[in-house]
2 protein chains.
Amino acid sequence: MIDRKKKMMIDAKAKILKALAHPTRIMIIEKLSEDGECCVCELVELANADFSTVSKHLTVLKQAGIVSDDKRGQQVFYTLQMPCAVRFMDCLESVIKSGVKSQMEMLK
Amino acid sequence: MIDRKKKMMIDAKAKILKALAHPTRIMIIEKLSEDGECCVCELVELANADFSTVSKHLTVLKQAGIVSDDKRGQQVFYTLQMPCAVRFMDCLESVIKSGVKSQMEMLK
DNA sequence: CGAATATTTGGCTATTATACCAAATAAGCA
DNA sequence: TGCTTATTTGGTATAATAGCCAAATATTCG
């Protein structure tokens, strides 16, 4: 069994991970990491999806504390607030690449 | 726009993140990290869920390359294969804790 | 003020995930 | 062989997600 405090921590982690677990949101995060803050319209172009769709993805990221927003004029600019998310993505990238490599080894 | 290779990498990352993004699976991963390999029955006890439910969670983790399994006798033992996942969980833990702290600051 | 632009919200549908139960499979033992 | 234990698989009901369109909101500018 597991105590309540631990359970809450696990649920909090799950919430963040769920927010990260979507291709469009990953693209957004990586873009924000590379370019710094972006307005929604830039991210719409990147994601090649509906404006409303991207806006909803950004809401998910914001509610998980992964990005923050700042309205200036008509535009809203989003900024990455969780650098360790990107570090983890990079780690995943090397895991995936080495996985592919070892799969290719098996095929020999 | 984004090229096909990049898109595939992003989808692969999303797949792994999706596999991580469930409280029961997080519990399993942390347990495997602390205790080393475990049989399914130990994880059932931990998760306080149906045997079949836990088994399906383990299948998700295995298909994402996060754990591996080894059948010995009647039991199947699962082992964590992605240590950086746990490192990221730890990072999340400190992000969550500092978030709670800064929220409490705001309440003062 | 009224039009134009940027973004969010509401509503709907289609797809996907989750949990449990029951049944199937597999291994070890009497 | 037949029984028990450990685990997986199939079926199904329910809930959560994702995407698009249309409408609402907010801001700037003429």
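Atom set for the values below is all heavy atoms of this structure, side chains included, hydrogens, waters and symmetry mates excluded.
Salt bridge status for A:Arg72 with A:Glu37: present, with a side-chain N to carboxylate O gap under 4.0 Å.
Distance CG (A:Leu58) to P (C:dT9): 11 Å, rounded to an integer number of Å. To the nearest angstrom, C1' of D:dA6 lies 15 Å from CG of B:Asp70. Distance, A:Leu17 CG to D:dA16 C1': 17 Å, rounded to whole Å. One atom, CZ of B:Phe51, and another, P of C:dT25, lie 18 Å apart when rounded to the nearest Å. Between B:Asp50 atom CG and D:dA13 atom C1' the separation is 15 Å, expressed in whole Å. Between the C1' atom of C:dA17 and the NZ atom of B:Lys56 lies a distance of 11 Å, rounded to the nearest Å.
With sequence neighbours excluded, no residue satisfies ring pair (Phe, Tyr, Trp, His ring centres under 6.0 Å) with A:Tyr78.
In the set C:dA22, D:dA16, C:dA17, the nucleotide with an atom closest to the side chain of B:Ser52 is C:dA22.
Using a 4.0 Å heavy-atom cutoff across all strands shown, A:Phe77 reaches no nucleic acid atom at all. In this structure, A:Lys62 reaches neither bases nor backbone, as no heavy-atom distance under 4.0 Å exists between it and the strands shown. At the heavy-atom level, B:Arg25 lies under 4.0 Å from the strands shown only through sugar-phosphate atoms.
Within the cation-pi definition used here (under 6.0 Å to the ring centroid, within 45° of the axis), A:Arg87 does not qualify as a partner of B:Phe88.
Between the side chain of A:Gln74 and the base of C:dT5, a donor-acceptor pair under 3.5 Å is found. Under 3.5 Å, the side chain of B:Lys71 and the base of C:dG28 form no donor-acceptor pair of N or O atoms.
Atom CD1 of A:Ile26 sits about 10.0 Å away from atom CG of A:Leu61, to the nearest 0.5 Å.
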